[in-house]
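Below: the structure, in structure tokens.
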Amino acid sequence: MLFDTVWRDLRLLTLAEGAAPVERGAVAAKDGRIAFAGPEAEMPAHDAKRVVDGAGRWATPGLVDCHTHLVFGGDRAREFEMRLAGASYEEIARAGGGIVSSVQATRAANVDSLVSSALRRLDHLLAEGATTVEVKSGYGLDLETERRCLRAARRLAQERPVTIRTTFLGAHALPPEAAGDKDGYITRVCEEMLPALAAEGLADAVDAFCEGIAFSPEQTRRVFAAAKAHGLPVKLHADQLSNLRGAALAAEHGALSADHLEHTDEEGAAALARSGTVAVLLPGAFYTLRETQRPPVEALRRAGARIALATDSNPGTSPLTSLLLIMNMGATLFRLTVAECLAGVTREAARALGLLEDTGTLEAGKSCDMAIWDIESPAELVYRIGFNPLHARIWRGQ
């Protein structure tokens, strides 16, 4: 058997379901995919074009950021100052700030400038071992700007060695020109924007923000129905600021994920578990907004729901680009275990994007996406703050 590359003398945390760590392991790649991952002594007889000595380092799957808003214009540092002075998220939004202020800056930006600014944020994620990143639109709120944002997101995968998944989030906020007519705007999302973007192949999924300051469950159902009509899976910003039963709504529609979930109840947690919808927790927004209502981690555990973590990287409520920091926040703020945090940015994050068959674990047949770390134990990846021990990042075997 001829392999392209063999990494030997690695300690492996494959994150495969139920798999134990491997103290002396190896990973072999052929044509960009994993041909073998396991104990080095069990690797089949082979030749390799290249052999890399891991020197006893730990290897994990490449990290997966399953919820970002990387593409946008401008920034919202001024709103950060307002929050420090006591203004709430709702107060900032009602004063014309929040998402709408990013919409103005994004509408003024061309594709090249959107790509340039997003690459700076993406590079920080890649430098910490990310190999797959989801990018949402939602700062255009009209067809032309949403199209530009999704094209910019697709361009990121041409500029960097990374897997990019794009999500259309037209139902993110109400644009100023809608003059308060949420139903009318949702009609444009469903009948104008979504069909055009789906026809152009720019979206891998469709998302919505179901919240009092955004869109109602009924309006969200309309978006989900339109997505289904165009063969696109759905995701949902759910129960972040209040319990509108968004988790149950996402589960009802077989969503890939329900994200935020601070106000989700026991019934919602159980619904997620039954449907297989991944609970994506976003401690960056919880931290930035200085929230006090934690997501119902114990209820999610009892129900058997899958839990992922993501940066929610965005200009207003989670301006960060570090999955390592997110793991520490998940542990310290939400009381997740080390094992839950590590699975949350690999296996479960891949599941939340519908990509688990291709990435998220180190298993034969999957894309050879891997991170090699200078650490003594995997717990260091969660425990340390402001520390990047990445030794090597491998994407599709390279």
Side-chain angles (χ1 to χ4, degrees), residues 1-66 125-133 157 160-165 306 323-324 338-351 353-382 388-398:
M1 187 176 299
L2 179 63
F3 297 138
D4 294 326
T5 305
V6 171
W7 291 267
R8 58 169 301 278
D9 193 14
L10 291 172
R11 288 182 282 179
L12 298 181
L13 195 67
T14 68
L15 272 299
E17 204 80 53
V22 178
E23 280 298 320
R24 189 174 179 86
V27 175
K30 184 173 178 61
D31 298 327
R33 308 198 78 80
I34 297 172
F36 173 85
E40 191 168 337
E42 297 178 12
M43 189 161 52
H46 65 277
D47 289 318
K49 298 177 184 176
R50 185 170 69 117
V51 176
V52 179
D53 187 349
R57 295 182 178 91
W58 279 96
T60 70
L63 305 189
V64 178
D65 197 345
C66 64
L125 290 169
L126 302 191
E128 290 189 352
T131 52
T132 301
V133 178
R160 297 291 187 270
V162 63
T163 300
I164 297 290
R165 297 293 280 185
R306 302 288 185 159
L323 281 168
L324 294 177
V338 166
E340 287 170 333
C341 290
L342 291 167
V345 298
T346 54
R347 183 183 68 230
E348 302 310 328
R351 193 191 307 273
L353 295 177
L355 292 178
L356 186 56
E357 291 187 0
D358 192 63
T359 193
T361 65
L362 298 179
E363 295 182 88
K366 293 194 175 186
S367 180
C368 189
D369 300 341
M370 183 166 61
I372 301 175
W373 309 94
D374 282 317
I375 54 175
E376 289 304 314
S377 81
E380 283 189 61
L381 298 177
V382 181
N388 182 5
L390 185 72
H391 171 75
R393 172 186 171 276
I394 290 70
W395 178 73
R396 296 185 181 176
Q398 300 293 319

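Note that this is a predicted model, so its numbers are computed, not measured. Residue numbers count from 1 along this sequence.
With hydrogens and angles left out, the side-chain atoms of W58 and S377 include no donor and acceptor closer than 3.5 Å.
The closest donor-acceptor contact from the side chain of E40 to the backbone of R24 lies at 3.5 Å or more, if one exists at all. Using a distance-only test at 3.5 Å, with no hydrogens or angles considered, no donor-acceptor pair links the side chain of R8 to the main chain of D53. Under a 3.5 Å cut-off, the side chain of D369 and the backbone N or O of R396 do form a donor-acceptor pair. Side-chain atoms of K49 do not come within 3.5 Å of backbone N or O of F3 as any donor-acceptor pair. When atom types are taken as modelled, the side chain of E380 and the backbone of E376 share a donor-acceptor pair closer than 3.5 angstrom.
In this structure, R393 CZ and L125 CG are separated by 10.0 Å, a value rounded to the nearest 0.5 Å. Atom OG1 of T346 is separated from atom CE of M370 by 14.0 Å, given to the nearest 0.5 angstrom.
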What verdict does the salt bridge (Lys or Arg N to Asp or Glu O under 4.0 Å) test give for D358 and R33, after you've listed the backbone C-alpha separation in whole Å, the side-chain angles of each residue and the deciding distance to 0.1 Å? CA-CA 9 Å; D358 192 63; R33 308 198 78 80; 2.3 Å; yes
After noting the C-alpha distance and the side-chain angles of R50 and D4, does the key distance pass the salt bridge (Lys or Arg N to Asp or Glu O under 4.0 Å) rule? CA-CA 6 Å; R50 185 170 69 117; D4 294 326; over 6 Å; no
Between I394 and W7, is the side-chain contact (heavy atoms from CB on, under 4.5 Å) condition met? List the steps. CA-CA 11 Å; I394 290 70; W7 291 267; 3.6 Å; yes
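Scanning both residues, L355 and R165, for their nearest heavy atoms gives CD1-CG, 3.6 Å.
Between R347 and E17 there is a salt bridge, with a side-chain nitrogen of the basic residue lying less than 4.0 Å from a carboxylate oxygen of the acidic one.
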